[in-house]
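To keep things clear, I will list the structure first and then write my remarks on it.
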Amino acid sequence: MRISGGTTVDLVLIGKALIEGSFLEAAVAIDDGVIVGISKPSLAPNSVSRVEFGEKFLLLPGMVDIHVHMREPGLEYKEDWGSGSRAAVKGGVTMVVDMPNNVPPANNCSVLQEKLQRASARSLVDFAFYAGFNPLVEELERCRGLFVGFKLYPEDLYSPGARNVFSYASRYGLPVVVHAENPSLFRESKLHSDARPPEAEESAVRHALMLSRESNAWLHVTHLSTSGALMSVLEAKVTPGGRVTFDVTPHHCLLSDELYRGEKRGIAVVNPPLRPEGERASIYTSLRNMLPDAIVTDHAPHRVEEKTSEKPSPGFPGLETALHLLFREILEGRLGLEVLELYSRRPARLLGVKKGVLGEGFEGDVVVVSKEEWVVRGEDFESKAKYSPFEGWRLPTKTYAVYIRGEPVYIAGQFMTSKGGRLAVPRG
(Lines give C-alpha, C1' and ligand atoms only; values in the text may rest on other atoms or scores of the structure.)
Protein backbone atom coordinates (compact mmCIF):
# COMPACT_ATOMS: atom_id res chain seq x y z
CA MET A 1 0.00 0.00 0.00
CA ARG A 2 1.49 3.32 -1.11
CA ILE A 3 -0.43 5.66 1.18
CA SER A 4 1.60 7.74 3.62
CA GLY A 5 0.42 8.19 7.18
CA GLY A 6 -2.38 10.70 7.62
CA THR A 7 -3.27 10.82 3.94
CA THR A 8 -6.96 11.12 3.12
CA VAL A 9 -8.12 9.45 -0.10
CA ASP A 10 -11.30 10.05 -2.06
CA LEU A 11 -12.98 6.67 -1.57
CA VAL A 12 -12.57 3.41 0.29
CA LEU A 13 -14.67 0.36 -0.61
CA ILE A 14 -14.63 -2.51 1.88
CA GLY A 15 -15.85 -6.02 1.29
CA LYS A 16 -15.02 -9.41 -0.15
CA ALA A 17 -12.88 -8.39 -3.14
CA LEU A 18 -11.38 -10.38 -6.02
CA ILE A 19 -7.65 -9.89 -5.46
CA GLU A 20 -5.15 -11.92 -7.49
CA GLY A 21 -7.62 -14.70 -8.22
CA SER A 22 -9.21 -15.08 -4.76
CA PHE A 23 -11.92 -13.35 -2.76
CA LEU A 24 -10.40 -11.67 0.30
CA GLU A 25 -11.78 -9.24 2.88
CA ALA A 26 -10.12 -6.05 1.73
CA ALA A 27 -10.24 -2.29 1.60
CA VAL A 28 -9.86 -0.82 -1.88
CA ALA A 29 -8.59 2.77 -1.65
CA ILE A 30 -9.15 5.05 -4.65
CA ASP A 31 -7.78 8.54 -5.08
CA ASP A 32 -7.96 10.79 -8.14
CA GLY A 33 -9.55 7.94 -10.11
CA VAL A 34 -6.77 5.41 -9.44
CA ILE A 35 -6.49 2.53 -6.97
CA VAL A 36 -3.76 3.64 -4.56
CA GLY A 37 -3.94 0.80 -2.07
CA ILE A 38 -5.31 -2.62 -1.23
CA SER A 39 -5.19 -3.49 2.48
CA LYS A 40 -6.91 -5.25 5.31
CA PRO A 41 -10.05 -3.33 6.30
CA SER A 42 -8.48 -2.47 9.66
CA LEU A 43 -5.64 -0.70 7.84
CA ALA A 44 -7.82 1.32 5.47
CA PRO A 45 -6.75 4.96 5.15
CA ASN A 46 -8.88 7.94 6.02
CA SER A 47 -11.27 8.77 3.21
CA VAL A 48 -13.79 11.36 2.12
CA SER A 49 -16.23 8.52 1.42
CA ARG A 50 -16.25 5.00 2.83
CA VAL A 51 -18.66 2.22 1.84
CA GLU A 52 -18.76 -1.21 3.50
CA PHE A 53 -20.44 -4.12 1.73
CA GLY A 54 -21.76 -7.10 3.69
CA GLU A 55 -21.64 -10.85 3.18
CA LYS A 56 -24.02 -10.99 0.22
CA PHE A 57 -21.76 -8.77 -1.92
CA LEU A 58 -18.62 -9.37 -4.00
CA LEU A 59 -16.25 -6.66 -5.26
CA LEU A 60 -14.84 -7.16 -8.76
CA PRO A 61 -12.79 -5.14 -11.22
CA GLY A 62 -14.87 -3.55 -13.95
CA MET A 63 -15.37 -5.82 -16.93
CA VAL A 64 -13.81 -4.84 -20.28
CA ASP A 65 -15.78 -5.79 -23.41
CA ILE A 66 -13.69 -5.44 -26.56
CA HIS A 67 -16.50 -6.23 -29.04
CA VAL A 68 -19.74 -4.24 -28.91
CA HIS A 69 -22.00 -2.40 -31.35
CA MET A 70 -23.33 0.83 -29.88
CA ARG A 71 -24.84 1.68 -33.30
CA GLU A 72 -24.26 5.45 -33.08
CA PRO A 73 -23.98 7.31 -35.41
CA GLY A 74 -26.50 6.28 -38.01
CA LEU A 75 -28.43 3.45 -36.38
CA GLU A 76 -29.62 5.04 -33.15
CA TYR A 77 -33.03 3.44 -33.50
CA LYS A 78 -31.30 0.14 -32.59
CA GLU A 79 -29.10 1.52 -29.79
CA ASP A 80 -27.26 4.70 -28.84
CA TRP A 81 -24.43 5.59 -26.48
CA GLY A 82 -26.88 6.40 -23.71
CA SER A 83 -28.89 3.16 -23.79
CA GLY A 84 -25.91 0.99 -24.70
CA SER A 85 -23.68 2.34 -21.94
CA ARG A 86 -26.46 1.93 -19.37
CA ALA A 87 -26.70 -1.70 -20.51
CA ALA A 88 -22.95 -2.02 -20.03
CA VAL A 89 -23.09 -0.60 -16.51
CA LYS A 90 -25.99 -2.87 -15.55
CA GLY A 91 -23.87 -5.79 -16.74
CA GLY A 92 -20.83 -4.72 -14.71
CA VAL A 93 -18.90 -3.50 -17.77
CA THR A 94 -16.90 -0.28 -17.32
CA MET A 95 -15.16 -0.12 -20.71
CA VAL A 96 -16.24 -1.08 -24.22
CA VAL A 97 -14.59 -1.11 -27.64
CA ASP A 98 -17.06 -0.19 -30.36
CA MET A 99 -17.20 -1.71 -33.83
CA PRO A 100 -17.11 0.44 -37.00
CA ASN A 101 -20.21 -0.76 -38.89
CA ASN A 102 -22.00 2.53 -38.48
CA VAL A 103 -23.87 4.47 -41.17
CA PRO A 104 -21.68 5.76 -42.71
CA PRO A 105 -18.91 3.31 -41.74
CA ALA A 106 -16.30 4.51 -39.25
CA ASN A 107 -13.44 3.96 -41.69
CA ASN A 108 -12.28 7.56 -41.92
CA CYS A 109 -11.22 10.34 -39.57
CA SER A 110 -14.44 12.33 -39.97
CA VAL A 111 -16.73 9.56 -38.67
CA LEU A 112 -14.28 8.52 -35.95
CA GLN A 113 -14.18 12.12 -34.72
CA GLU A 114 -17.98 12.22 -34.73
CA LYS A 115 -18.08 9.00 -32.73
CA LEU A 116 -15.73 10.52 -30.17
CA GLN A 117 -17.95 13.56 -29.78
CA ARG A 118 -21.13 11.50 -29.46
CA ALA A 119 -19.66 8.96 -27.01
CA SER A 120 -18.07 11.68 -24.89
CA ALA A 121 -21.43 13.42 -24.59
CA ARG A 122 -23.55 10.36 -23.77
CA SER A 123 -21.57 7.35 -22.56
CA LEU A 124 -21.47 6.37 -18.90
CA VAL A 125 -18.58 3.95 -19.51
CA ASP A 126 -15.11 4.47 -20.93
CA PHE A 127 -14.70 3.54 -24.55
CA ALA A 128 -12.41 2.96 -27.52
CA PHE A 129 -13.02 2.41 -31.23
CA TYR A 130 -11.95 0.14 -34.05
CA ALA A 131 -11.47 1.62 -37.50
CA GLY A 132 -13.34 -0.01 -40.36
CA PHE A 133 -11.95 -1.30 -43.63
CA ASN A 134 -10.40 1.38 -45.80
CA PRO A 135 -8.26 0.19 -48.73
CA LEU A 136 -6.54 3.61 -48.62
CA VAL A 137 -5.64 3.00 -45.00
CA GLU A 138 -3.03 5.77 -44.92
CA GLU A 139 -5.94 8.24 -44.87
CA LEU A 140 -6.32 7.30 -41.20
CA GLU A 141 -2.81 8.44 -40.32
CA ARG A 142 -3.88 11.88 -39.08
CA CYS A 143 -6.31 10.40 -36.51
CA ARG A 144 -4.35 7.34 -35.41
CA GLY A 145 -5.03 8.22 -31.76
CA LEU A 146 -8.76 7.65 -32.27
CA PHE A 147 -8.67 3.90 -32.86
CA VAL A 148 -7.05 0.90 -31.20
CA GLY A 149 -7.14 -1.48 -34.15
CA PHE A 150 -8.97 -2.47 -37.31
CA LYS A 151 -12.06 -4.59 -37.88
CA LEU A 152 -12.45 -6.63 -41.06
CA TYR A 153 -15.76 -8.25 -41.94
CA PRO A 154 -15.97 -11.31 -44.23
CA GLU A 155 -16.23 -9.31 -47.45
CA ASP A 156 -13.33 -7.05 -46.33
CA LEU A 157 -11.05 -9.98 -45.57
CA TYR A 158 -11.23 -11.17 -49.19
CA SER A 159 -10.79 -7.71 -50.69
CA PRO A 160 -7.44 -6.88 -52.37
CA GLY A 161 -7.15 -3.94 -49.95
CA ALA A 162 -6.97 -6.27 -46.94
CA ARG A 163 -3.21 -6.62 -47.40
CA ASN A 164 -2.82 -2.85 -47.05
CA VAL A 165 -4.66 -2.93 -43.73
CA PHE A 166 -2.53 -5.79 -42.39
CA SER A 167 0.66 -4.03 -43.46
CA TYR A 168 -0.38 -0.74 -41.87
CA ALA A 169 -1.40 -2.51 -38.66
CA SER A 170 1.95 -4.30 -38.56
CA ARG A 171 3.79 -1.00 -38.79
CA TYR A 172 2.14 0.29 -35.61
CA GLY A 173 1.55 -2.93 -33.69
CA LEU A 174 -2.24 -2.67 -33.95
CA PRO A 175 -4.55 -5.70 -34.00
CA VAL A 176 -6.54 -6.63 -37.09
CA VAL A 177 -9.78 -8.01 -35.66
CA VAL A 178 -11.34 -10.44 -38.11
CA HIS A 179 -14.86 -11.78 -38.38
CA ALA A 180 -13.72 -14.98 -40.04
CA GLU A 181 -16.24 -16.40 -42.50
CA ASN A 182 -15.67 -17.10 -46.20
CA PRO A 183 -18.71 -15.77 -48.11
CA SER A 184 -18.00 -18.06 -51.06
CA LEU A 185 -18.88 -21.04 -48.85
CA PHE A 186 -22.27 -19.73 -47.72
CA ARG A 187 -25.24 -21.65 -49.12
CA GLU A 188 -29.02 -21.54 -49.25
CA SER A 189 -30.64 -23.22 -46.28
CA LYS A 190 -33.56 -22.54 -43.96
CA LEU A 191 -31.35 -23.52 -41.02
CA HIS A 192 -29.04 -20.59 -40.25
CA SER A 193 -26.18 -22.78 -38.97
CA ASP A 194 -26.28 -24.77 -42.21
CA ALA A 195 -26.39 -21.66 -44.42
CA ARG A 196 -23.06 -20.51 -42.91
CA PRO A 197 -21.35 -23.85 -42.27
CA PRO A 198 -18.25 -24.47 -40.11
CA GLU A 199 -16.00 -24.77 -43.15
CA ALA A 200 -16.74 -21.11 -43.99
CA GLU A 201 -15.14 -20.06 -40.68
CA GLU A 202 -12.29 -22.54 -40.96
CA SER A 203 -11.43 -21.39 -44.48
CA ALA A 204 -11.48 -17.72 -43.48
CA VAL A 205 -9.26 -18.34 -40.46
CA ARG A 206 -6.67 -19.98 -42.69
CA HIS A 207 -6.82 -17.01 -45.08
CA ALA A 208 -6.47 -14.49 -42.24
CA LEU A 209 -3.51 -16.42 -40.80
CA MET A 210 -1.83 -16.30 -44.20
CA LEU A 211 -2.27 -12.50 -44.39
CA SER A 212 -0.96 -12.18 -40.86
CA ARG A 213 2.15 -14.23 -41.63
CA GLU A 214 2.86 -12.29 -44.81
CA SER A 215 2.71 -8.94 -43.03
CA ASN A 216 3.87 -9.96 -39.56
CA ALA A 217 0.72 -8.29 -38.24
CA TRP A 218 -1.18 -9.05 -35.04
CA LEU A 219 -4.29 -11.05 -35.97
CA HIS A 220 -7.19 -11.25 -33.55
CA VAL A 221 -9.97 -13.69 -34.50
CA THR A 222 -13.18 -12.62 -32.84
CA HIS A 223 -16.20 -14.74 -31.79
CA LEU A 224 -14.51 -18.00 -32.83
CA SER A 225 -17.14 -20.74 -33.00
CA THR A 226 -15.80 -23.99 -34.50
CA SER A 227 -13.39 -26.67 -33.39
CA GLY A 228 -11.53 -26.67 -36.72
CA ALA A 229 -10.89 -22.92 -36.58
CA LEU A 230 -9.92 -23.25 -32.92
CA MET A 231 -7.24 -25.82 -33.77
CA SER A 232 -5.81 -23.62 -36.55
CA VAL A 233 -5.61 -20.62 -34.23
CA LEU A 234 -4.06 -22.61 -31.38
CA GLU A 235 -1.41 -24.03 -33.71
CA ALA A 236 -0.63 -20.52 -34.96
CA LYS A 237 -0.33 -19.20 -31.40
CA VAL A 238 2.54 -21.59 -30.66
CA THR A 239 4.27 -21.15 -34.04
CA PRO A 240 7.26 -18.78 -33.84
CA GLY A 241 6.77 -15.41 -35.51
CA GLY A 242 3.72 -13.20 -35.62
CA ARG A 243 1.04 -12.73 -33.01
CA VAL A 244 -2.37 -14.41 -32.96
CA THR A 245 -5.09 -13.96 -30.35
CA PHE A 246 -8.78 -14.83 -30.22
CA ASP A 247 -11.95 -14.42 -28.22
CA VAL A 248 -15.17 -16.34 -27.66
CA THR A 249 -18.69 -15.32 -26.69
CA PRO A 250 -21.03 -16.61 -23.98
CA HIS A 251 -23.62 -17.51 -26.62
CA HIS A 252 -21.26 -19.71 -28.64
CA CYS A 253 -20.18 -21.41 -25.40
CA LEU A 254 -23.62 -21.94 -23.89
CA LEU A 255 -26.14 -22.20 -26.75
CA SER A 256 -26.41 -24.62 -29.69
CA ASP A 257 -28.16 -24.40 -33.03
CA GLU A 258 -31.11 -26.29 -31.55
CA LEU A 259 -32.50 -22.80 -30.94
CA TYR A 260 -32.90 -22.45 -34.71
CA ARG A 261 -35.48 -25.21 -34.58
CA GLY A 262 -37.63 -23.60 -31.89
CA GLU A 263 -39.55 -20.46 -31.02
CA LYS A 264 -36.36 -18.43 -30.47
CA ARG A 265 -35.03 -19.13 -33.96
CA GLY A 266 -35.22 -15.52 -35.14
CA ILE A 267 -33.99 -14.03 -31.88
CA ALA A 268 -31.03 -16.45 -31.88
CA VAL A 269 -29.80 -15.58 -35.40
CA VAL A 270 -26.22 -14.35 -35.12
CA ASN A 271 -23.08 -14.43 -37.27
CA PRO A 272 -21.20 -16.67 -37.02
CA PRO A 273 -24.16 -18.90 -36.20
CA LEU A 274 -24.78 -20.91 -33.09
CA ARG A 275 -23.27 -24.31 -33.84
CA PRO A 276 -24.23 -27.97 -33.36
CA GLU A 277 -23.67 -29.37 -29.89
CA GLY A 278 -20.26 -30.89 -30.63
CA GLU A 279 -18.87 -27.57 -31.82
CA ARG A 280 -20.41 -25.74 -28.87
CA ALA A 281 -18.82 -28.20 -26.47
CA SER A 282 -15.39 -27.66 -28.03
CA ILE A 283 -15.60 -23.89 -27.63
CA TYR A 284 -16.84 -24.28 -24.04
CA THR A 285 -13.95 -26.63 -23.26
CA SER A 286 -11.49 -24.07 -24.61
CA LEU A 287 -12.99 -21.56 -22.20
CA ARG A 288 -12.78 -23.97 -19.27
CA ASN A 289 -9.10 -24.48 -20.11
CA MET A 290 -8.51 -20.70 -20.31
CA LEU A 291 -7.33 -20.87 -23.94
CA PRO A 292 -9.06 -17.73 -25.31
CA ASP A 293 -7.45 -14.34 -24.84
CA ALA A 294 -10.78 -12.71 -24.02
CA ILE A 295 -14.51 -13.14 -23.65
CA VAL A 296 -16.68 -10.70 -25.61
CA THR A 297 -20.42 -10.26 -25.97
CA ASP A 298 -20.68 -9.03 -29.59
CA HIS A 299 -23.54 -6.93 -28.17
CA ALA A 300 -25.50 -6.34 -31.39
CA PRO A 301 -28.96 -4.83 -30.79
CA HIS A 302 -31.75 -4.63 -33.37
CA ARG A 303 -35.42 -3.77 -33.24
CA VAL A 304 -37.52 -6.77 -32.29
CA GLU A 305 -39.32 -6.44 -35.65
CA GLU A 306 -35.96 -6.96 -37.37
CA LYS A 307 -35.41 -10.15 -35.37
CA THR A 308 -38.81 -11.64 -36.03
CA SER A 309 -38.91 -10.88 -39.77
CA GLU A 310 -38.58 -13.52 -42.49
CA LYS A 311 -34.84 -12.69 -42.71
CA PRO A 312 -33.84 -11.88 -39.13
CA SER A 313 -31.02 -9.37 -38.60
CA PRO A 314 -27.98 -11.11 -37.08
CA GLY A 315 -27.11 -10.40 -33.47
CA PHE A 316 -28.71 -9.67 -30.09
CA PRO A 317 -27.89 -7.77 -26.89
CA GLY A 318 -25.41 -9.32 -24.48
CA LEU A 319 -23.93 -6.67 -22.20
CA GLU A 320 -26.45 -7.11 -19.39
CA THR A 321 -26.12 -10.88 -19.09
CA ALA A 322 -22.52 -11.93 -19.81
CA LEU A 323 -20.93 -11.44 -16.38
CA HIS A 324 -23.81 -13.14 -14.61
CA LEU A 325 -23.87 -16.03 -17.07
CA LEU A 326 -20.20 -16.57 -16.21
CA PHE A 327 -21.02 -16.51 -12.50
CA ARG A 328 -23.71 -19.13 -13.10
CA GLU A 329 -21.09 -21.44 -14.59
CA ILE A 330 -18.61 -20.66 -11.80
CA LEU A 331 -21.03 -21.12 -8.90
CA GLU A 332 -22.37 -24.36 -10.38
CA GLY A 333 -18.83 -25.72 -10.64
CA ARG A 334 -18.36 -25.91 -14.40
CA LEU A 335 -15.86 -23.04 -14.74
CA GLY A 336 -13.12 -21.78 -12.45
CA LEU A 337 -13.13 -18.32 -10.92
CA GLU A 338 -10.15 -17.42 -13.11
CA VAL A 339 -12.47 -17.24 -16.14
CA LEU A 340 -13.46 -13.73 -14.99
CA GLU A 341 -9.97 -12.61 -16.01
CA LEU A 342 -10.95 -13.20 -19.63
CA TYR A 343 -13.59 -10.49 -19.28
CA SER A 344 -11.44 -8.05 -17.31
CA ARG A 345 -7.66 -8.29 -16.88
CA ARG A 346 -6.85 -10.10 -20.15
CA PRO A 347 -8.74 -7.85 -22.63
CA ALA A 348 -7.45 -4.76 -20.81
CA ARG A 349 -3.93 -6.09 -21.17
CA LEU A 350 -4.49 -6.74 -24.88
CA LEU A 351 -5.37 -3.08 -25.33
CA GLY A 352 -2.70 -1.76 -22.99
CA VAL A 353 -5.12 0.03 -20.66
CA LYS A 354 -4.81 0.10 -16.86
CA LYS A 355 -8.18 -1.48 -16.19
CA GLY A 356 -9.64 -4.85 -15.28
CA VAL A 357 -7.67 -5.40 -12.05
CA LEU A 358 -8.23 -4.53 -8.39
CA GLY A 359 -4.63 -3.53 -7.78
CA GLU A 360 -2.47 -0.51 -7.10
CA GLY A 361 -1.93 1.70 -10.11
CA PHE A 362 -5.00 0.49 -11.98
CA GLU A 363 -7.97 2.72 -12.68
CA GLY A 364 -10.59 2.67 -9.93
CA ASP A 365 -13.27 0.70 -11.80
CA VAL A 366 -15.10 -1.47 -9.26
CA VAL A 367 -18.22 -3.56 -9.75
CA VAL A 368 -20.19 -4.82 -6.77
CA VAL A 369 -22.39 -7.84 -7.39
CA SER A 370 -24.97 -9.22 -5.00
CA LYS A 371 -25.63 -12.90 -4.55
CA GLU A 372 -29.22 -12.48 -5.64
CA GLU A 373 -31.13 -14.59 -8.18
CA TRP A 374 -32.92 -12.98 -11.09
CA VAL A 375 -34.58 -14.14 -14.30
CA VAL A 376 -33.49 -12.84 -17.68
CA ARG A 377 -36.35 -10.85 -19.18
CA GLY A 378 -35.63 -8.72 -22.21
CA GLU A 379 -38.36 -6.28 -21.26
CA ASP A 380 -36.23 -5.26 -18.25
CA PHE A 381 -33.10 -4.46 -20.28
CA GLU A 382 -31.59 -0.99 -20.47
CA SER A 383 -30.70 -1.78 -24.08
CA LYS A 384 -33.24 -0.74 -26.70
CA ALA A 385 -33.24 -4.41 -27.77
CA LYS A 386 -35.76 -5.97 -25.39
CA TYR A 387 -35.09 -9.66 -26.06
CA SER A 388 -32.45 -12.33 -25.45
CA PRO A 389 -31.71 -15.90 -26.50
CA PHE A 390 -31.20 -16.44 -22.73
CA GLU A 391 -34.77 -15.33 -21.97
CA GLY A 392 -36.04 -17.17 -18.89
CA TRP A 393 -32.62 -18.26 -17.61
CA ARG A 394 -32.15 -17.92 -13.83
CA LEU A 395 -28.89 -16.23 -12.93
CA PRO A 396 -27.39 -16.23 -9.42
CA THR A 397 -25.79 -12.78 -9.22
CA LYS A 398 -26.91 -9.24 -9.96
CA THR A 399 -25.04 -5.97 -10.46
CA TYR A 400 -25.57 -3.85 -7.35
CA ALA A 401 -23.09 -0.98 -7.72
CA VAL A 402 -20.61 0.31 -10.29
CA TYR A 403 -17.80 2.82 -9.77
CA ILE A 404 -15.81 4.13 -12.73
CA ARG A 405 -12.51 5.80 -11.84
CA GLY A 406 -13.83 6.04 -8.31
CA GLU A 407 -17.07 7.81 -9.24
CA PRO A 408 -20.41 6.13 -8.40
CA VAL A 409 -22.31 5.45 -11.60
CA TYR A 410 -24.94 2.92 -10.50
CA ILE A 411 -26.17 2.08 -6.99
CA ALA A 412 -29.02 -0.28 -6.04
CA GLY A 413 -30.83 -0.03 -9.37
CA GLN A 414 -30.35 3.71 -9.81
CA PHE A 415 -28.07 5.43 -12.31
CA MET A 416 -26.18 8.23 -10.59
CA THR A 417 -25.17 10.09 -13.75
CA SER A 418 -26.04 10.31 -17.45
CA LYS A 419 -22.49 10.57 -18.81
CA GLY A 420 -18.87 10.61 -17.71
CA GLY A 421 -17.21 8.02 -19.93
CA ARG A 422 -14.08 9.03 -21.79
CA LEU A 423 -11.77 7.76 -24.51
CA ALA A 424 -9.46 5.10 -23.10
CA VAL A 425 -5.92 5.71 -24.33
CA PRO A 426 -3.61 2.67 -24.47
CA ARG A 427 -0.42 3.06 -22.46
CA GLY A 428 1.46 0.12 -23.92
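Few gaps surround CE on Met210; more than 12 heavy atoms of other groups in view lie less than 6.0 Å from it. Within 6.0 Å of CZ in Arg187 there are more than 12 heavy atoms belonging to other residues, nucleotides or ligands. The environment of CD in Glu263 is sparse: at most 12 heavy-atom neighbours from other residues, nucleotides or ligands sit within 6.0 Å. Residue-environment remark: NZ (Lys386) exceeds the threshold of 12 foreign heavy atoms within 6.0 Å. Annotation for Gln414: atom CD does not count as buried by contact number, only 12 or fewer foreign heavy atoms lying within 6.0 Å.
Side-chain atoms of Ser225 and Glu279 form no donor-acceptor pair, as typed in the model, at a separation below 3.5 Å. Side-chain polar atoms of Asp247 and Thr222 form a donor-acceptor pair below 3.5 angstrom. Judged purely by distance below 3.5 Å, without hydrogens or angles, the side chains of Asn101 and His69 pair a donor atom with an acceptor atom. A donor atom on one side chain and an acceptor atom on the other are not found under 3.5 Å apart for Ser83 and Glu382. A donor atom on one side chain and an acceptor atom on the other are found under 3.5 Å apart for Asp65 and Tyr343. For the 3.5 Å distance criterion, the side chains of His324 and Thr321 fail to qualify, holding no donor opposite an acceptor. Side-chain atoms of His299 and Glu320 form no donor-acceptor pair, as typed in the model, at a separation below 3.5 Å. Side-chain contact of Thr245 with Asp293: a donor-acceptor pair under 3.5 Å is absent, judged by distance alone. Ser256 and Arg280 are not linked by any side-chain donor-acceptor pair at a separation below 3.5 angstrom, with hydrogens and angles left out of the test.
In terms of modelled atom types and a separation under 3.5 Å, the side chain of Glu306 and the main chain of Pro312 share no donor-acceptor contact. Between the side chain of Lys264 and the main chain of Pro389, a donor-acceptor pair closer than 3.5 Å is present. Not a single donor-acceptor pair under 3.5 Å links the side chain of Ser170 to the backbone N or O of Phe166. A distance-only check finds a donor-acceptor pair linking the side chain of Lys307 to the backbone of Ile267 [under 3.5 Å]. Between the side chain of Asn289 and the main chain of Leu291, no donor-acceptor pair closer than 3.5 Å is present.
Remark: of the listed residues Lys115, Arg122, Lys384, Arg122 is the sole one forming a salt bridge (Lys or Arg N to Asp or Glu O under 4.0 Å) with Glu72. The only member of Glu201, His207, Glu199, Arg206 that meets side-chain contact (heavy atoms from CB on, under 4.5 Å) when paired with Ser203 is Arg206. Results of the side-chain contact (heavy atoms from CB on, under 4.5 Å) test with His179 over Val221, Leu152, Asn271 single out Asn271 as the only residue that passes.
A cation-pi geometry, defined here as NZ or CZ lying under 6.0 Å from the six-membered ring centre and within 45° of its normal, does not hold between Arg288 and Tyr284. Taking the ring axis of Tyr172 as reference, the NZ or CZ atom of Arg144 stays within 45° of it and closer than 6.0 Å to the ring centre. At least one cation-pi condition fails for Arg265 and Tyr260: the charged atom is not both under 6.0 angstrom from the six-membered ring centre and inside a 45 degree cone around its axis. In this structure, Arg243 forms a cation-pi arrangement with Trp218, its terminal cationic atom sitting closer than 6.0 Å to the ring centre and no more than 45° off the ring axis. The cationic atom of Lys398 (NZ for Lys, CZ for Arg) does not lie both less than 6.0 Å from the six-membered ring centre of Tyr400 and within 45° of the ring axis. Cation-pi contact between Lys354 and Phe362: present, with separation from the ring centre below 6.0 Å and deviation from the ring axis of at most 45°.
Between Tyr168 and Phe150, the ring-plane angle classifies as perpendicular under the 30° and 60° cut-offs.
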